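As the structure is a computational prediction, the values presented were derived from the model and not from experiment.
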Amino acid sequence: MGLKVGIDLGSTAIKVVFVENEHLVWKKAVPTTPGQTRIADHLTAEGLWALRCTADTLESVVFTGYGKGLVNGTGKVIDEVSANSLGAFLLSGGKARTIINIGGQDVKVIRLSATGKLLDFKMNDKCAAGTGRFFELAGRILDTPVEIFGELGQAVADPVNINSTCAVFAESEIVSMMAKGIAKERIIQGLHESIARRIAGLAGGLDMEDDFYLDGGSANNQALVTAIEEELCRDVYVLPHPQFTVAYGAARSVETL
Ligand code: ADP
């Protein structure tokens, strides 16, 4: 079988996907640590093993993401905005026109044409607030893994108001709320609402006719997704396997080259 591999060397997580025809048949994400290309090689070997395949069944390997510059000659390279655009367009069945990617260290808003051509994109990488990294920092202060932020936040009726738009100030706001004995669930939901306001601000000014599609690791957080929907006053769809959209787009990009 001809397998296409997509490798996203992200700022926070390394993602590897295997695609057979258009189907995502294997995927794995691990935290980004030094030696990214070696980790990607190990993940690729793990994927081959899991699929009971050998390296000669690999049709193509395409790298993308923050660390793509580390790749030297072992595979094709595509920029992450192009990979994200293609992945989101294909995984949405050709419906995505506006994509919001909440990554580890930046938030991107991408606009596509009806044929999936990149029209425009905006990126906030100046400030950690609103990114996965910020959630992880808050998770450490609150002694709570980010994977359960969504579940905890959804049950809250009276979230706190977090005013700081800067991660450093928001961090001290969280610490002082904890010192006052405020329940962490209320703080978490306050964070979701504060971050949703920032993300909606970045998306503001775009043509708001279309549905919005969300991807990136933090799109797994349903309370954040709901807060973004409320801020934007529209339905927001989460792409399937949202943390792997970019790697999937990289894998499928060989079809368009
Ligand atoms: P990058 O490509 O920049 O490395 P990702 O799109 O992989 O970023 O997103 C990484 C972030 O996703 C992590 O910082 C983590 O906070 C968040 N994340 C991953 N899985 C989940 C989950 N199940 N629930 C909430 N957040 C998650």
Side-chain angles (χ1 to χ4, degrees), residues 1-96 99 101-104 116 132 136 145-148 150 213-222 237-257:
M1 79 180 142
L3 290 166
K4 299 182 192 84
V5 179
I7 299 176
D8 178 5
L9 301 175
S11 61
T12 309
I14 297 171
K15 281 82 62 180
V16 175
V17 301
F18 280 61
V19 176
E20 187 186 11
N21 300 319
E22 74 269 29
H23 303 294
L24 202 167
V25 291
W26 189 83
K27 61 180 172 35
K28 186 159 178 177
V30 297
T32 298
T33 48
Q36 295 179 41
T37 51
R38 190 175 33 81
I39 296 168
D41 286 346
H42 286 163
L43 288 176
T44 305
E46 189 181 330
L48 282 171
W49 182 85
L51 295 167
R52 304 282 180 267
C53 291
T54 52
D56 57 8
T57 56
L58 296 182
E59 194 178 297
S60 52
V61 179
V62 182
F63 289 85
T64 187
Y66 195 73
K68 62 184 182 299
L70 299 168
V71 180
N72 39 17
T74 49
K76 296 190 176 74
V77 172
I78 180 175
D79 71 89
E80 42 276 40
V81 174
S82 302
N84 199 346
S85 302
L86 182 63
F89 190 71
L90 294 171
L91 288 168
S92 67
K95 291 193 197 131
I99 303 142
N101 176 287
I102 311 170
E136 285 178 16
V146 291
E147 287 77 13
I148 62 166
Y213 287 78
L214 218 60
D215 63 14
S218 295
N220 286 302
N221 177 339
Q222 187 51 51
Y237 300 96
V238 178
L239 286 158
H241 318 296
Q243 197 175 9
F244 296 91
T245 319
V246 179
Y248 179 82
R252 297 275 317 260
S253 66
V254 287
E255 298 164 34
T256 59
L257 293 175

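In this view, Thr54 and Asp56 satisfy the side-chain hydrogen bond (donor to acceptor under 3.5 Å, both in side chains) rule, not counting sequence neighbours. Glu80 meets the side-chain hydrogen bond (donor to acceptor under 3.5 Å, both in side chains) test with Lys68; sequence neighbours excluded. When the side-chain hydrogen bond (donor to acceptor under 3.5 Å, both in side chains) test is applied to Glu147, no partner is found at least two apart in sequence or on another chain. Applying the salt bridge (charged side-chain N to carboxylate O under 4.0 Å, His left out) rule to Asp215 yields no partners; only residues at least two apart in sequence or on another chain are considered. Among residues two or more places apart in sequence or in another chain, the side chain to side chain contact (heavy atoms under 4.5 Å, CB included) test is passed with Glu22 by Tyr248, Arg252. Every residue meeting the side-chain hydrogen bond (donor to acceptor under 3.5 Å, both in side chains) condition with Ser82, not counting sequence neighbours, appears here in chain and number order: Asp79. For Ala219, the side chain to side chain contact (heavy atoms under 4.5 Å, CB included) criterion is met by Leu214, Val238, Pro242, not counting sequence neighbours. When the ring pair (Phe, Tyr, Trp, His ring centres under 6.0 Å) test is applied to Phe63, no partner is found at least two apart in sequence or on another chain. Partners of Ser60 according to the side chain to side chain contact (heavy atoms under 4.5 Å, CB included) rule, which considers only residues two or more places apart in sequence or in another chain, are Lys4, Val254. By the side chain to side chain contact (heavy atoms under 4.5 Å, CB included) test, Phe244 is found to be paired with Lys15, Val17, Lys27, Ala29, His241, residues two or more places apart in sequence or in another chain being considered.
Listed for the Thr32 side chain is a donor-acceptor partner under 3.5 Å among the backbone atoms of Gly10.
Taking both residues in full, the closest heavy atoms of Ile78 and Ser253 are given as CD1-CB, 3.6 Å, listed atom of the first, atom of the second, then distance. In terms of heavy-atom proximity, Gly67 sits nearest to Gln36 at CA-OE1, 3.8 Å. Residues Leu86 and Gly249 come closest through the heavy atom pair CD2-O, 3.4 Å. Among all heavy-atom pairs drawn from Pro34 and Ile39, the shortest one is O-CD1, 3.9 Å. The shortest non-hydrogen separation linking Gly6 to Ala250 is CA-CB, 4.3 Å.
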Check step by step if side chain to side chain contact (heavy atoms under 4.5 Å, CB included) holds for Leu24 and Leu91. CA-CA 10 Å; Leu24 202 167; Leu91 288 168; 5.6 Å; no
Please walk me through it: do Thr245 and Ile99 pass side chain to side chain contact (heavy atoms under 4.5 Å, CB included)? CA-CA 11 Å; Thr245 319; Ile99 303 142; over 6 Å; no
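Considering Val61, Asp8, Thr44 in turn, Thr44 is the only one that fulfils the side-chain contact (heavy atoms from CB on, under 4.5 Å) rule with Val16.
Atom CZ in Arg52 sits 13.0 Å away from atom OG1 in Thr57 (nearest 0.5 Å). Rounding to the nearest 0.5 Å places OG1 of Thr33 at 5.5 Å from CD1 of Ile14. Atom-to-atom distance recorded for Gln243:CD and Asn101:CG is 10.0 Å, nearest 0.5 angstrom.
For the pair Val146/Asn221, no side-chain contact is recorded, criterion being any heavy-atom separation below 4.5 Å from C-beta on. At a threshold of 4.5 Å between non-hydrogen side-chain atoms, the residues Leu48 and Leu58 count as touching.
For residues 22-46, the pairs satisfying ring-ring contact (aromatic ring centres under 6.0 Å, His included) are Phe18-Trp26, with sequence neighbours left out. Residue pairs meeting the salt bridge (Lys or Arg N to Asp or Glu O under 4.0 Å) criterion with at least one partner in residues 30-41, sequence neighbours excluded, are absent.
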